[in-house]
Amino acid sequence: MSETRVQGGGTQEPRAASGSGAGKPRLPLGWLTGIATVALGLVVLVEAINIALYDPWTDEVFLFSLVGVLADVKIGTLSVLMFGSLLVLLAFGLPLAFVTGSLGAVFMVLVGDEAMLNIIPTRIFPLMTNYQLSAIPLFIFMASMLEKAGLIDEMFEVVYKWMGGFHGGLAAATIIASTVLAAMVGVIGAAVVTMGIIALPAMLKRNYDPKIAMGSIMAGGTLGILIPPSILAIIYAVVAQQSVGELYVGSVLPGLLLSGMYIAYIAIRCAIDPKKGPALPVAERASFGEKLRLLRRMLAPIILVVLVLGVIFSGAATPVEAAAIGSFGAMVVAALHGRLTWLSLRDATIGTMKATAMVLWIIFGATVFVGFYILRGGQDFVTDLIMGMGLDPYGVLILMNIILVFLGMFLDWVGILLLAVPIFIPIIQALTFDGVMGLPGVSPEDLMLWFGVIYLVNMQMSFLSPPFGYALFYLRGVAPKEIPTSSIFKASLAFLALQVVGLAVIILFPEIALWLPRLVYGP
């Protein structure tokens with residue numbers, strides 16, 4: 001989500017230096033933005049006068065009118081104009097939540113007329129009344145409540161004590177804690193920031209290789225995109241009209257696979273060179289009895305996670321009902337730990353409102369933008385463009401993944417989903433995946449579930465991809481200032497390569513994503 005400044009906890013722009021240069025704009029960007037705003041305001045004013053005072057069925061207008069000026073533009077040119085405008089406005093720092101919807105409305109008028117704006121309520125209303133989206137604020141509140149209650153700190157301390165005696169144990173503990181945290185949070189911002197605040201100083205203090213320390217935090221944090229209860233999975237299921245429960249179940253094994261790959265990589269690197277991940281001194285290690293006592297702190301949160309996911313996987317409750325159980329359970333867990341206060345409850349509620357509002361605004365804006373683009377023939381244009389390249393089904397799938405990674409460098413994860421997935425899904429549904437190198441293929445009824453899991457794994461890659469991956473900047477916000485940004489970028493590369501391998505494994509062996517849903521829900 002677009003929460004970097006909120007979750008970064010104090011990552012603010014530097015103040016202007018005192019002196020003769022203070023207060024002067026460093027770039028003409030501010031002036032350009034101001035001029036563009038005034039020009040746009042004048043255009044809106046003229047068009048408002050035209051709508052209010054002039055008959056739309058005549059050619060008489062006040063000064064000028066831009067209505068319908070792009071009516072004869074071909075879809076290829078329109079694609080460049082729409083997505084080019086989107087990138088330019090995002091480069092100016094405008095929020096995706098409002099840019100997409102505004103551009104959608106503007107191009108509706110430029111291509112058609114004001115009557116075409118009726119598309120907006122027809123696109124938004126079905127989402128506003130979609131029952132499954134109710135799970136988003138509930139899961140966000142569950143995560144916020146557990147975080148505000150300080151239970152995430154306790155969880156890392158427990159894993160830290162258990163794993164610290166091994167070479168690379170603190171980095172492995174970070175991955176394990178992030179995996180458990182992913183099952184509580186569902187988004188990556190809180191996981192990366194929290195682990196960056198807690199785990200990074202602990203590892204650097206004990207002379208861990210900074211690349212392993214920072215890479216484990218960023219890679220572990222991205223697991224929140226994949227492991228249920230992922231917020232992204234809920235939105236994908238709504239857009240693709242798939243079962244949230246099946247997508248959750250299908251994401252479990254891929255999530256554990258990637259988590260295991262991270263831990264294995266850390267263990268191998270530290271076994272080859274123990275100096276990269278020194279074990280805790282004997283004096284700092286916890287006894288076995290102390291470790292068992294520490295586990296009691298984790299009992300209530302783990303029971304809550306197992307309960308929430310258990311009722312989903314068993315079919316005893318829908319994801320929305322499970323989210324409600326989790327929200328109430330998070331307050332109970334906080335109370336059992338003596339952390340349920342009015343302050344923590346207020347902060348969790350306000351944080352939930354902000355995060356939910358941002359997600360929903362992005363959903364509304366992007367669905368208007370993409371809905372209009374598809375209506376103008378954008379779906380057929382992209383399909384012909386991709387299919388005309390002569391690639392086989394797996395080549396098309398690889399191309400889509402490359403496009404998603406590229407978009408992930410610039411756009412919010414919700415925006416990527418709403419912009420790309422509605423266009424990609426019909427293309428995937430028209431293809432047949434029979435397997436490669438004699439390996440099993442994917443049946444048509446399992447195709448969208450498999451693609452959904454691939455998409456979620458891909459989004460982890462986009463969060464970790466330099467130069468604009470969100471996880472990189474989440475960590476930049478809490479990492480010590482003496483660590484250069486280039487070091488953070490380099491730390492992500494090895495784990496990004498592991499994600500590429502994990503994605504390839506899931507593509508080649510689709511049963512990793514399909515076996516558990518088939519076991520739980522039947523063929």
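Counting begins at 1 with the first residue of the sequence. What you see below is based on every heavy atom in this structure, not just the backbone, and it leaves out hydrogens, waters and symmetry mates. As the structure is a prediction and not an experimental result, all values here were calculated from the model.
For Phe313 against Pro228, the heavy-atom pair with the smallest separation is CZ-CG, 4.1 Å. Listed here is the closest heavy atom pair of Ala199 and Thr174: CB-OG1, 3.6 Å.
Remark: the Asp446 side chain and the Ser443 side chain contain an N/O donor-acceptor pair separated by less than 3.5 Å. The closest side-chain donor-acceptor pair between Thr179 and Ser259 falls under 3.5 angstrom.
Note that CD1 of Ile425 and CG of Leu447 are 10.0 Å apart. Values are rounded to the nearest 0.5 Å. One finds the CD1 atom of Ile227 at 5.5 Å from the CG atom of Leu256 (value rounded to the nearest 0.5 Å). Here the CG atom belonging to Leu232 is positioned 9.5 Å from the OG atom belonging to Ser251, to the nearest 0.5 angstrom.
Taking 4.5 Å as the limit, some side-chain heavy atom of Met437 sits within range of a side-chain heavy atom of Leu508. Side-chain contact check for Ile75 versus Leu78: some heavy-atom pair is nearer than 4.5 Å. Looking at Val305 and Val180, their side chains never come closer than 4.5 Å, going by heavy atoms from C-beta outward. A heavy-atom distance below 4.5 Å is found between the side chains of Leu304 and Met142. Residues Gln499 and Thr222 are in side-chain contact: their nearest non-hydrogen atoms beyond the backbone lie under 4.5 Å apart. Under the 4.5 Å side-chain criterion, counting only non-hydrogen atoms from C-beta, Ile427 is in contact with Met387. Counting heavy atoms from C-beta on, the side chains of Met145 and Ser327 never come closer than 4.5 Å. The side-chain heavy atoms of Phe406 and Ile403, taken from C-beta on, include no pair separated by under 4.5 Å.
Between Phe83 and Tyr373, the ring centre distance stays below 6.0 Å. If you look at Phe451 and Phe433, their ring centroids are not closer than 6.0 Å.
Judged purely by atom type and a 3.5 angstrom limit, Ser134 has no side-chain atom pairing as donor or acceptor with the backbone of Val320. Checking side-chain atoms of Glu246 against main-chain N and O of Ser243 turns up no donor-acceptor pair under 3.5 Å.
Between Val99 and the choices Ile362, Val88, Leu89, the side chain to side chain contact (heavy atoms under 4.5 Å, CB included) rule is met once, by Leu89.
Annotation for Glu445: atom CD counts as buried by contact number, over 12 foreign heavy atoms lying within 6.0 Å. Within a 6.0 Å radius of OH in Tyr394, other residues, nucleotides and ligands contribute more than 12 heavy atoms.
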### Task
Start with the C-alpha distance between Val505 and Met261, add both sets of side-chain angles, then the distance that settles side-chain contact (heavy atoms from CB on, under 4.5 Å), and finish with yes or no.
CA-CA 12 Å; Val505 169; Met261 289 173 62; 5.8 Å; no
### Task
Check the pair Val368 / Phe364 against side-chain contact (heavy atoms from CB on, under 4.5 Å), numbers first and verdict last.
CA-CA 6 Å; Val368 168; Phe364 294 157; 5.8 Å; no
### Message
Working note: Leu418 + Ile235, criterion side-chain contact (heavy atoms from CB on, under 4.5 Å); need CA distance, chi angles, decisive distance, verdict.
### Response
CA-CA 9 Å; Leu418 272 298; Ile235 304 174; 4.0 Å; yes
#### Entry: Derivation of the side-chain contact (heavy atoms from CB on, under 4.5 Å) call for Thr318 and Glu321
CA-CA 5 Å; Thr318 66; Glu321 294 164 344; 3.3 Å; yes
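The salt bridge (Lys or Arg N to Asp or Glu O under 4.0 Å) search around Glu511 returns Arg518, not counting sequence neighbours. Remark: Tyr262 engages Phe495 in a ring-ring contact (aromatic ring centres under 6.0 Å, His included) (not counting sequence neighbours).
Under the 30°/60° scheme for interplanar angles, the aromatic rings of Tyr236 and Tyr455 are found to lie parallel.
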